[in-house]
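First the structure, in the form of structure tokens, and then the observations on it.
Computed from a prediction, not measured in an experiment: that's the story for all the values here. The figures that follow rest on heavy atoms only: side chains count, while hydrogens, waters and symmetry mates do not.
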Amino acid sequence: MQVHGSCHCGQVTFTSEAMPEHTVVCHCRDCQVMSGGPYRSIVSSKESDFVLLSGELTLYYKTGDSGNPRELAFCNRCGSHIYATSRAGDEATEPRSFGLRTGVLDEVADFVPKFQVWCDSRLPWVGEFQQLPGQPKQ
């Protein structure tokens, strides 16, 4: 489905195709810290479908809890997180997939989580996803 997104200040705008059936909740510590919340909601999109319409993305690189290097993109003015993906140039056999942050999408309500990851880091008081299937790590 076609999605439209923007950062909090409106400097960064984009469109992409996203797959609602691939919406996940991530409980990893990185997502907790970077979102400022107990978890983050993410939907998959192909890198080739992502079109930056305005603004400039700042890229931040970090090794994730999985041990894999991660590229994180955010607005250089307001700091809104836009996506995460594998690092460009890393040896990969498949095209990169962007994990769009659903909170920056105009269509956020259409992205109901179907799965959860990093459940070992889920905070004990987070219970609204108990009915979702999950795995301890990703």
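A pairwise comparison of heavy atoms in C31 and C26 identifies SG-SG, 3.7 Å as the closest pair. For the residue pair K137 and W118, the shortest heavy atom distance occurs at CD-CZ3, 3.4 Å. Between E17 and S45, the shortest heavy-atom distance links the atoms O-OG, 2.7 Å. Here the shortest heavy-atom pairing between A18 and L100 reads CB-CD1, 4.5 Å. Closest of all the heavy-atom pairs between R101 and Y83 is CD-CA, 4.0 Å. Heavy atoms only, all atoms of each residue included: S86 and E71 are closest at O-CB, 3.8 Å.
Here T63 pairs with nothing under the side chain to side chain contact (heavy atoms under 4.5 Å, CB included) rule; sequence neighbours left out. Evaluation of the salt bridge (Lys or Arg N to Asp or Glu O under 4.0 Å) rule for K46 yields no partner, not counting sequence neighbours. Applying the side chain to side chain contact (heavy atoms under 4.5 Å, CB included) rule to H8 yields the partners C78, S80; only residues at least two apart in sequence or on another chain are considered. Partners of K114 according to the salt bridge (Lys or Arg N to Asp or Glu O under 4.0 Å) rule, which considers only residues two or more places apart in sequence or in another chain, do not exist here. Partners of D49 by salt bridge (Lys or Arg N to Asp or Glu O under 4.0 Å), not counting sequence neighbours: none found.
Taken together through direct or relayed side-chain contacts under 4.5 Å among Ile, Leu, Val, Met, Phe, Trp and Tyr, I82 and Y61 form part of one hydrophobic cluster. Each of V24 and V108 belongs to its own hydrophobic cluster when Ile, Leu, Val, Met, Phe, Trp and Tyr are linked at side-chain heavy-atom distances under 4.5 angstrom. Cluster annotation: V117 is not connected to V43 through the hydrophobic network of ILVMFWY side chains, with a link wherever side-chain heavy atoms come within less than 4.5 Å.
Here the CG atom belonging to L53 is positioned 10.5 Å from the OG atom belonging to S6, to the nearest 0.5 angstrom. Rounding to the nearest 0.5 Å gives a distance of 4.0 Å between CZ of R77 and CD of Q11. If you take CD on E47 and CZ on R96, they are separated by 4.0 Å, rounding to the nearest 0.5 Å. Between atom CD of residue Q135 and atom CG of residue D120 there is a gap of 10.0 Å, rounded to the nearest 0.5 Å. Considering OG1 of T58 and CG of L72, their distance stands at 12.0 Å, rounded to 0.5 Å. Taking NE2 of H81 as the start and CE of M34 as the end, the distance is 4.5 Å to the nearest 0.5 Å.
Screening residues 26-38 for salt bridge (Lys or Arg N to Asp or Glu O under 4.0 Å) gives D30-K62 as the qualifying pairs, with residues at least two apart or on separate chains.
The shortest side-chain heavy-atom distance between D110 and P20 does not fall under the 4.5 Å cut-off. Counting heavy atoms from C-beta outward, P95 and S48 have side chains that stay 4.5 Å or more apart. A heavy-atom distance below 4.5 Å is not found between the side chains of F98 and I42.
Aromatic rings from Y60 and F74 are positioned such that their centres are separated by 6.0 Å or more.
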TODO: In sequence, state the C-alpha distance, the side-chain angles, and the governing distance for T23 and V112, and then conclude on side chain to side chain contact (heavy atoms under 4.5 Å, CB included).
DONE: CA-CA 7 Å; T23 305; V112 178; over 6 Å; no

For T15 and Q2, what are the C-alpha separation, side-chain angles and deciding distance, and is it a side chain to side chain contact (heavy atoms under 4.5 Å, CB included)?
CA-CA 7 Å; T15 62; Q2 179 79 26; 3.2 Å; yes

| said: Checking V3 against F50 for the side chain to side chain contact (heavy atoms under 4.5 Å, CB included) test, could you report, in this order, the C-alpha distance in whole Å, the side-chain angles of both residues, the deciding distance, and whether it holds? | reply: CA-CA 10 Å; V3 294; F50 183 87; over 6 Å; no

> Between E107 and H4, does a side chain to side chain donor-acceptor pair (under 3.5 Å) hold up when you go through it step by step?
Replying inline: CA-CA 7 Å; E107 301 82 3; H4 309 83; 2.7 Å; yes

